[in-house]
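Structure first, commentary second.
Note: hydrogens, waters and symmetry copies are ignored here, and every other heavy atom, side chains too, is used.
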There are 2 protein chains.
Amino acid sequence: MPSKPTPPSPNAAAQAPRATIEDVAQKAGVSKATVSRFLNRRDELLTPAIAQRVEAAIAALGYSPSPMAQALKRGRSRLIGLVVADVTNPFSVAVLRGAEKACQEAGYLLMLFNLGDDGRRERDAIELLDAYQVDGIILNTLGRDEGAAAAAARHGRPVVLVDRRHANMPADFVSLDNAGAVRDACDHLLQSGWNQFLFVTEPMAGVSSRMEREAAFRLFLADHPEVRGRSLESHVEHPGRLDAELRGGREGDRRLAVLASNAVITLRVADAVARLGWRFGEDLGFVGIDETDWAPLVGPGLSTVGQPTEALGRLATACLLERLQGRDVPPRQILLPGTLNVRGSSVRKTSG
Amino acid sequence: MPSKPTPPSPNAAAQAPRATIEDVAQKAGVSKATVSRFLNRRDELLTPAIAQRVEAAIAALGYSPSPMAQALKRGRSRLIGLVVADVTNPFSVAVLRGAEKACQEAGYLLMLFNLGDDGRRERDAIELLDAYQVDGIILNTLGRDEGAAAAAARHGRPVVLVDRRHANMPADFVSLDNAGAVRDACDHLLQSGWNQFLFVTEPMAGVSSRMEREAAFRLFLADHPEVRGRSLESHVEHPGRLDAELRGGREGDRRLAVLASNAVITLRVADAVARLGWRFGEDLGFVGIDETDWAPLVGPGLSTVGQPTEALGRLATACLLERLQGRDVPPRQILLPGTLNVRGSSVRKTSG
DNA sequence: TTGTACGCGTTATCAG
DNA sequence: CTGATAACGCGTACAA
């Protein structure tokens with residue numbers, strides 16, 4: 001009859017179970033409470049001799065406290081949840097990097113949840129994060145499921161939205177200044193001599209950033225009667241639609257330029273241009289929102305408006321941390337400017 | 001004197017604390033044990049009437065068990081840790097997607113940890129994951145810190161390595177068949193009429209996949225005395241080195257082709273080619289390992305060998321799950337073939 | 001079939 | 001300054 005029955009380990013390699021605070025206390029000949037104090041409340045002085053013994057025991061056993069148990073007891077986990085609509089989106093990954101750095105510096109750990117572009121999973125994701133006692137949640141999602149995020153917020157968890165607003169969600173919001181970015185791009189195209197604009201976006205489908213960009217484009221047109229313009233929702237299933245629109249837009253002596261609403265659209269436009277045998281900067285002007293590492297390599301280089309992705313991630317985290325420290329201010333909106341990268345695709349070059 | 005002192009909530013919005021199993025039990029007029037059984041051991045029959053009451057209470061309170069408490073009690077967390085050297089690497093993200101899908105299907109949650117290319121953080125990451133009682137760990141890291149992973153394994157956690165082997169780490173290993181991929185690429189280039197090869201890689205720095213690819217290239221050269229070849233470690237600080245090598249390689253009537261060891265190098269080569277004013281497929285042949293969505297857009301299209309990223313992620317997860325179910329087999333190696341995508345950069349076109 | 005009581009690893013309160 | 005002891009939310013022998 002074993003005094004300590006071997007736990008039913010699934011893996012035969014299991015050998016040394018993690019040391020607990022109890023083990024440390026025993027080895028140091030003190031109580032658990034003392035060890036705990038040594039760890040968490042360095043200010044309350046302990047007798048040097050005791051501190052020494054505890055320290056030695058901790059080192060000898062390679063002890064580190066269980067975050068799980070800590071979270072259970074404290075109700076806080078030093079975990080921050082990040083829900084992303086689609087990890088494949090380089091924008092999201094870039095934001096993630098910024099958020100992660102900020103978290104790391106503040107001693108938080110980032111728990112990533114990817115929706116794989118399945119909006120229905122949003123509620124599950126948030127509930128799970130909530131269950132894991134995350135201290136805050138960063139959302140870069142559609143927010144189609146109204147109330148999912150709100151429920152988490154009701155449990156007292158600060159929430160911050162990145163790039164995409166949610167309906168009726170009074171949370172901090174961090175994003176590119178979409179209106180400014182579109183305006184800058186249009187101004188640049190206009191000054192470069194293009195006089196007909198085609199704005200191409202993914203199906204708006206209620207995504208706030210897409211809608212804001214499109215609205216900014218319309219506004220530009222309203223302010224500039226001298227330029228003709230249209231906007232087009234490009235569906236991935238109908239690439240032909242884009243080709244046709246491009247061909248049609250170049251009739252007469254109009255000098256057509258495309259403004260792509262994001263990197264996905266940039267890819268589609270570049271595909272279409274290749275199919276048509278056109279050259280960027282000659283047969284077609286182009287600026288795309290979202291900087292990518294390959295933009296300089298396509299044709300004469302694709303002009304872009306880069307987003308301050310890393311800053312967005314850092315700021316989102318900062319908003320959370322601030323609220324975690326007790327500041328209770330009304331929801332804020334932080335809009336950051338984009339950066340125009342001028343390359344060959346937007347500077348007019350007469351073909352010939 | 002409040003009977004239930006308000007917990008010191010940092011956020012004024014905090015209202016409804018999460019319902020616990022206790023709350024459910026109380027509402028249903030049963031014991032905690034009964035609720036727990038209702039949840040976990042549906043096989044042990046409960047009186048229908050009681051089951052009904054419990055179910056209703058759960059629904060009414062919107063109760064879901066705390067994964068933290070469960071993990072603490074069970075020693076298992078249904079969490080799988082994924083440590084990635086650099087989330088910016090599209091390969092890693094693609095693997096992540098596969099792993100995530102597999103996890104989701106099996107009811108596991110993926111906890112992501114990014115090293116930001118700082119190998120020193122590897123030990124911390126693994127220890128933290130270990131502390132979170134993750135049931136298994138997927139590693140796509142340098143493994144420079146020998147023993148870090150081994151320590152986790154010692155606690156009985158299965159570990160699987162993706163793309164990069166670790167020294168002295170007897171764990172499952174999942175990867176592209178590097179030798180086969182390089183051979184296929186070289187064969188294709190040779191058949192396409194190129195007769196001088198330049199293999200370009202990031203500094204090997206002990207990274208197993210880089211070394212394997214380079215070794216495969218040398219092997220190819222040994223088997224084909226008729227082709228001349230060199231390999232080059234391209235350092236990001238010295239882009240000029242690559243330009244010089246390209247210029248030098250094209251002397252005489254040699255028809256130079258580059259084999260890029262991964263997508264990062266592909267980018268650098270494309271940059272250099274742009275600087276030199278060369279055209280892919282005419283002045284230079286090219287195949288790159290790693291498929292990207294922009295490969296078709298650069299020049300006449302860049303030929304690539306795509307990795308089965310999603311399958312790698314799924315398989316890595318599958319290895320873990322298998323061991324979690326108790327199968328204790330010796331470490332396996334799973335090598336998957338790549339896919340050659342032939343585009344304009346590798347088919348010779350006499351410049352005119 | 002159901003309830004009681006204990007422990008998982010920590011932290012916090014309260015005596016000593 | 002330190003040590004018992006009671007939670008935190010849950011699972012599970014054991015008893016009823």
- Donor-acceptor pair under 3.5 Å: do we get one between B/K32's side chain and the base of C/dT4? no
- Message: Can you see if the side chain of A/T20 gets near the phosphate of C/dG9 - specifically, an N or O under 4.0 Å from OP1 or OP2?
- Response: no
- Could you check whether B/Y63 gets within reach of a base, just the sugar-phosphate, or nothing at all, counting any heavy atom under 4.0 Å? sugar-phosphate
- Item | Of the listed nucleotides C/dT11, C/dG9, D/dA4, the one nearest the side chain of A/A69 | C/dG9
- Query: Under 4.0 Å between a side-chain N or O of B/T34 and OP1 or OP2 of C/dT2?
  - Reply: no
- Between C/dT1 atom P and B/R53 atom CZ, what is the distance in whole Å? 16 Å
- Given C/dT11, is OP1 or OP2 found less than 4.0 Å from the side-chain N or O atoms of A/Q70? yes
- Query: Taking CG from B/D23 and C1' from D/dC8, how many angstroms apart are they, rounded to a whole number?
  - Reply: 13 Å
- Note on the structure: Rounded to whole Å, the OH-C1' distance (A/Y132 to D/dC10) equals 13 Å
- Query: So which nucleotide from D/dA4, C/dT10, D/dG11 ends up closest to the side chain of A/S31?
  - Reply: D/dA4
- Item | Length of the CD-P vector between B/Q52 and C/dT1, whole Å | 17 Å
- Task: Give the rounded distance in Å between these two atoms: CG of B/L46 and P of C/dG3.
- Result: 10 Å
- Flag the pair B/E310 and B/R314 as a salt bridge only when some basic side-chain nitrogen lies within less than 4.0 angstrom of an acidic carboxylate oxygen. yes
- Message: Distance alone, cut at 3.5 Å: any donor-acceptor contact between the side chains of A/Q104 and B/R121?
- Response: yes
- Provide, to the nearest angstrom, the distance between the CZ atom belonging to B/R37 and the P atom belonging to D/dG11. 12 Å
- Item | Nearest heavy atoms of B/T317 and B/I138, plus distance in Å | OG1-CD1, 3.9 Å
- Please state how far atom CG in B/L72 lies from atom C1' in D/dA7, giving the value in whole angstrom units. 13 Å
- Applying the salt bridge (Lys or Arg N to Asp or Glu O under 4.0 Å) test to B/R120, which of B/D117, B/D118, B/D124 qualifies? B/D118
- CD1 of A/I21 versus P of C/dG7: gap in Å, rounded? 18 Å
- What is the nucleic acid contact for A/I50, judged by heavy atoms within less than 4.0 Å: base, sugar-phosphate only, or nothing? sugar-phosphate
- Less than 3.5 Å between a donor and an acceptor, one on the side chain of A/K73 and one on the base of D/dA7, is that the case here? yes
- Query: Within a strict 4.5 Å, meaning less than it, do heavy atoms of the A/L321 and A/I80 side chains meet?
  - Reply: yes
- Does a side-chain N or O from B/S66 land closer than 4.0 Å to OP1 or OP2 of D/dG9, or not? no
